[in-house]
Amino acid sequence: MPELPEVETLCRQLRSKIVSSRIAGISILDSRLQLPEHVKGQQVISVTRRGKWIVIGLDDGRRLEIHLRMTGRLLWQEKEAALPMHCRLVFDLYSHQVVIVDPRRFATLSLAGGGEGHDGAVDALASRCAETLIAKGCKRRRPLKSFLMDQGIIRGIGNIYACEILYRAGLSPRRETAGLSPDDWRNVEKAIGAVLTKAIDCRGTSISDWRDLFGNKGEYQKELLVYGREGQKCHRCGELVHRERLLGRGTWFCPGCQM
DNA sequence: CGAACGACCTGTTCGC
DNA sequence: TGCGAACAGGTCGTTC
């Protein structure tokens, strides 16, 4: 579910609520989730995002890292409120709690110490990432879409936004990265910035069950130009939007104007 | 080595 | 209507 804009939305909202709060208690309701000792009592000093990871900085220098995968959500509620369905873990603060809700149970959390892990991937919102992408993509015979979704290369883009970015850039998801011109890469970079920035402004895409920290839907589903529009007319050229499976993922594009 | 595929889970939607 | 198959925002380990 959550790609970069959804995670960024949660981070901003979390930051406004939990920084300088103390974690009064943790309840784990799903045996798949585990957490080392001594998180209880820690004070939250920061909330940041790394790709699709939510990183909560603690008092003692360690970091609590949450990845919501496909269906994970975070919910802010008063302590006395009833726990929602598919509740997996609860962080109790002073008067409120942060709840991890996740029907498919893919979400993970872990505790990291020491310095930042450095794997060389750039954040999708880093300015002027085109140079990095060209350097990494120029020799690969690999579909552009899978390249953009590779978190080891560029962090934050998932299936929905990959489709939207490629549409904006006018490039086919199947194009091999090795064949792209510098202009193509500049278009990709521009599309990444435009799509993700707008999606953050909209607080994400509520196609089905995405909700922000306060249970509100996002608005970017109203801005989608190709995702989920199979068989409908392309807004740009009038051709019918096509859908196929690429790397096992539903992939929407316009065969008329994405070359 | 890079790239493709199945697995991890549960819920919802689609087709017969 | 009922039931099984296909599909869903993401990654990871294994295989080719």
Side-chain angles (χ1 to χ4, degrees), chain A residues 1-11 28-34 49-54 65-75 84-89 100-110 117 119-121 123-124 133 135-167 173-179 195-196 199-200 202-213 217-231 243-252:
Chain A
M1 171 202 302
E3 305 181 31
L4 184 149
E6 288 77 20
V7 175
E8 178 65 24
T9 298
L10 286 175
C11 283
I28 298 175
L29 307 174
D30 179 352
S31 57
R32 298 187 87 223
L33 296 175
Q34 288 183 352
R49 180 184 61 74
R50 181 158 36 84
K52 300 174 192 171
W53 290 86
I54 296 163
E65 305 187 325
I66 302 174
H67 198 303
L68 298 170
R69 310 281 171 143
M70 298 278 265
T71 51
R73 289 172 46 195
L74 294 183
L75 187 64
M85 186 108 111
H86 309 308
C87 174
R88 306 301 180 197
L89 188 141
I100 298 180
V101 180
D102 184 16
R104 284 174 79 177
R105 305 168 69 205
F106 286 159
T108 54
L109 79 169
S110 56
D119 65 0
D123 192 89
L133 297 186
K136 298 209 173 172
C138 63
K139 296 183 200 86
R140 314 249 193 142
R141 298 177 56 81
R142 178 182 185 182
L144 179 54
K145 186 186 180 215
S146 90
F147 180 83
L148 290 179
M149 290 175 67
D150 186 334
Q151 305 300 303
I153 293 169
I154 177 168
R155 285 196 281 246
I157 300 170
N159 202 36
I160 293 179
Y161 297 113
C163 292
E164 294 298 309
I165 286 163
L166 289 166
Y167 177 81
R174 287 182 300 218
R175 273 286 288 275
E176 287 180 4
T177 54
V195 168
L196 297 183
I200 291 170
C202 291
R203 295 182 350 277
T205 303
S206 291
I207 288 270
S208 57
D209 52 12
W210 156 251
R211 297 293 184 277
D212 69 13
L213 188 64
K217 289 188 178 187
E219 304 288 338
Y220 197 76
Q221 63 278 11
K222 299 170 187 167
E223 312 288 326
L224 295 176
L225 298 176
V226 275
Y227 185 89
R229 296 193 66 245
E230 181 181 11
R243 180 205 159 149
E244 69 176 39
R245 266 187 115 63
L246 186 63
L247 311 211
R249 313 298 299 274
T251 301
W252 288 262

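For the numbers below, each heavy atom of this structure counts, side chains included, while hydrogens, waters and symmetry mates do not. Every chain is numbered from 1 and lettered A, B, ... according to where its sequence line falls, protein lines coming before strand lines.
- Considering only side-chain N and O atoms, Q151(A) lies nowhere under 4.0 angstrom from the phosphate OP1 or OP2 of dG10(C).
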Protein-nucleic acid N or O pairs under 3.5 Å, nucleotides 1-7 of chain B:
from: dA3(B); atom 1: OP2; to: R140(A); atom 2: NH1; distance (Å): 3.3

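- As a whole-Å value, the separation of D209(A) CG from dC7(C) P is 19 Å.
- Between dG11(B) and dC12(C), the two P atoms lie 24 Å apart (nearest whole Å).
- Per the geometry, CZ belonging to R104(A) stands 14 Å off C1' belonging to dT13(B), to the nearest Å.
- With dA8(C), dG11(B), dC9(B) as the candidates, the nucleotide lying closest to the side chain of R32(A) is dC9(B).
- By the criterion of a centre-to-centre distance under 5.5 Å and near-parallel planes under 30°, the ring of F106(A) forms a stack with the base of dC8(B).
- Between H67(A) and dT11(C), a side-chain N or O to OP1/OP2 separation shorter than 4.0 Å is present.
- Side-chain proximity of R105(A) to dC7(C), dG10(C), dC9(B): nearest is dC9(B).
- Looking at heavy-atom distances under 4.0 Å, Y227(A) makes contact with sugar-phosphate atoms alone, never a base.
- Spacing between dC7(C) and dG6(B) at atom P, rounded to whole Å, works out to 12 Å.
- dA8(C) sits 15 Å from dC5(B) when the P atoms are compared, rounded to a whole Å.
- Rounded to whole Å, atom C1' of dA6(C) lies 13 Å from atom CE of M70(A).
- With rounding to whole Å, L68(A) atom CG is found 11 Å from dG10(C) atom C1'.
- When heavy atoms are screened at a 4.0 angstrom cut-off, R243(A) is found touching the sugar-phosphate backbone but no base atom.
- Residues forming a side-chain hydrogen bond (donor to acceptor under 3.5 Å, both in side chains) with E230(A) (at least two apart in sequence, or on another chain): none.
- Computed from coordinates, the W210(A) CH2 to dA8(C) P distance equals 20 Å when rounded to whole Å.
- Taking 4.0 Å as the cut-off between side-chain N and carboxylate O, D102(A) and R69(A) do not count as a salt-bridged pair.
- Minimum heavy-atom separation, W210(A) to G204(A): NE1-CA, 3.9 Å.
- Among pairs with a residue in residues 136-163 of chain A, those fulfilling ring pair (Phe, Tyr, Trp, His ring centres under 6.0 Å) read F147(A)-W185(A), Y161(A)-Y220(A), at least two apart in sequence or across chains.
- Note: CD1 (I160(A)) to C1' (dC7(C)) measures 14 Å, nearest angstrom.
- Of all heavy-atom pairs spanning L33(A) and I28(A), the tightest one is O-CG2, 3.4 Å.
- Across all strands, R245(A) comes closer than 4.0 Å only to sugar-phosphate atoms, never to a base (heavy-atom distances).
- In this structure, I207(A) places its CD1 atom 14 Å from C1' of dC7(C), rounding to the nearest Å.
- Every salt bridge (charged side-chain N to carboxylate O under 4.0 Å, His left out) that K222(A) has, sequence neighbours left out, goes to E219(A).
- The two residues C163(A) and G250(A) make their nearest non-hydrogen contact at SG-O, 4.3 Å.
- Remark: D150(A) engages R142(A) in a salt bridge, criterion side-chain N to carboxylate O under 4.0 Å.
- Counting all heavy atoms, side chain and backbone alike, L68(A) lies closest to P2(A) at CB-CG, 3.6 Å.
- In this structure H86(A) satisfies the side-chain contact (heavy atoms from CB on, under 4.5 Å) test together with R88(A), V101(A), P103(A), sequence neighbours excluded.
- With the 3.5 Å cutoff on both pairing distances, Watson-Crick and G-U pairs in DNA chain C assemble into runs of at least 3 at B:2-8 with C:10-16, B:10-16 with C:2-8.
- For the P atom pair drawn from dC1(B) and dT11(C), the interatomic distance equals 23 Å after rounding to whole Å.
- In this structure, D102(A) reaches neither bases nor backbone, as no heavy-atom distance under 4.0 Å exists between it and the strands shown.
- As rounded to whole Å, 14 Å separates atom P of dT11(C) from atom CD of E65(A).
- With S206(A) contributing its side chain and K217(A) its backbone, the two residues share no donor-acceptor pair below 3.5 Å.
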